[in-house]
Amino acid sequence: MQIDQTRLTEFATRIFVSAGSREAFASRVAEHLVAANLKGHDSHGVGMIPAYVANIGAGHLKVDAEARVIEDRGAVLLVDGQFGFGQVVGAQATAMAIDRARETGVVCMGVRNCHHLGRIGSYGEQCGQAGMVSVHFVNVVGHGPLVSPFAGRERRMSTNPFCCVVPRGEEPPIVLDMATSAIAQGKVRVAYLKGEAVPEGSLIDHQGLPTTDPGVMFQEPFGSLGPFGAHKGYGLAVMCELLGGALAGQWTAQPARPRESTIVNHMLMIVLDPAAFGGVAGFQAEVSAMVDYLHSTTPAQDADRVRLPGEPEREALARRAAEGIPIDDNSWAGIVKAAGSAGLTTAEIEDLTGWISPDA
Ligand code: NAD
């Protein structure tokens, strides 16, 4: 089915309010999730609602928590997300980092104990839209690991996202935002729910043999995701684990730390004001010239054109804002079930979803 973004946002907001969240936080989370769907990342969109509702019920996700500064050394800040909605505490922490970077030129901020931050690119975009460069190293804990190290066959880390954003004045920022696993775990979940295979080179089974069956991540004997880019992607994943996890969060995926079936992100974020690096005008002029140079590349065979990081998301946004967001039946059933668990009555759910025709 194809779902209109406004109605989907309203439904998601009502689910979180019913689960105990205040309206402002519920709508912020709903908007973030729907924006992830709009940008083509269904792995980090409304399909996360069942996990969030379950984590609220289990006491792992604190719906009222806000970002709290626990160390302030000027250009170095440590913020505790207190297990609040990542979309709320992550955005609050990012706003603090941007404000401070305007004074100090550079800010290095640790943001620890966030419930799932969702699409890390949204915090990068927040920086980019404020004219800042940003770099984000993130680890993922609170549940068992999912990703095997390069040359290993057992899970030792999670999908540890990395993000780097460069502003472009009035133009949209350049946004590199990616899992360091071969594909995001949420994409394995979406493929599993749709009954589809994942791309070759993404997964290994319990014997360390390559497979395209997403079931190995959900049914015993478990396999694992591999890192992207062989030893190089693995190396970046290790740095996300150590900078996001050990430095910012003091909590890595090593087995002495809690694994309670929740999703916790720790993020090390570096925010740089281009004004402190020789001036904005020269920086932006050089960025634009390089962007033009990259765009001028003759496309490879079978490619339509060369894009910059962040462009596929903007193209998806334009398409899905016009056509609606595609949601598969299994994911939709999970969201409707979560709405019931959150406390919405059958009549309320029908009222909120009645606009969806069964064969849409
Ligand atoms: P992806 O592989 O779809 O894209 C990765 C990057 O490559 C993006 O910046 C994209 O713009 C760029 N890109 C894609 N195609 C391109 C092309 N043809 N030309 C130029 N650039 C191109 O992303 P992913 O690795 O599947 O990650 C999906 C999302 O999952 C991200 O938003 C990430 O933050 C999120 N994530 C979150 C967590 C968490 O714990 N919160 C964990 C893992 C991933």
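Computed from a predicted model, the values in this text were never measured in an experiment. In listed order, ligands and their atoms are each counted from 1.
- When each of F85, Y52, F83 is checked for a ring pair (Phe, Tyr, Trp, His ring centres under 6.0 Å) with H115, only Y52 meets the rule.
- Closer than 4.0 angstrom to ligand 1 lie heavy atoms from H41, H44, H116, G118, R119, I120, V140, T159, P161, V175, L176, D177, M178, A179, A184, K187, N265, R307, L308, P309, G310, P312, E313.
- The residues R307 and E313 are annotated as not salt-bridged, no charged nitrogen and carboxylate oxygen being separated by less than 4.0 angstrom.
- Every pair passing salt bridge (charged side-chain N to carboxylate O under 4.0 Å, His left out) that includes a residue from residues 167-191 is listed here, sequence neighbours excluded: R119-D177.
- Contacts of F283 classified as side-chain contact (heavy atoms from CB on, under 4.5 Å), with partners at least two apart in sequence or in another chain: V133, V166, P167, P274, V287.
- Taking S224 as the reference, S148 meet the side-chain hydrogen bond (donor to acceptor under 3.5 Å, both in side chains) condition, with sequence neighbours excluded.
- The minimum heavy-atom distance linking G84 with A65 is given by the pair CA-CB, 3.5 Å.
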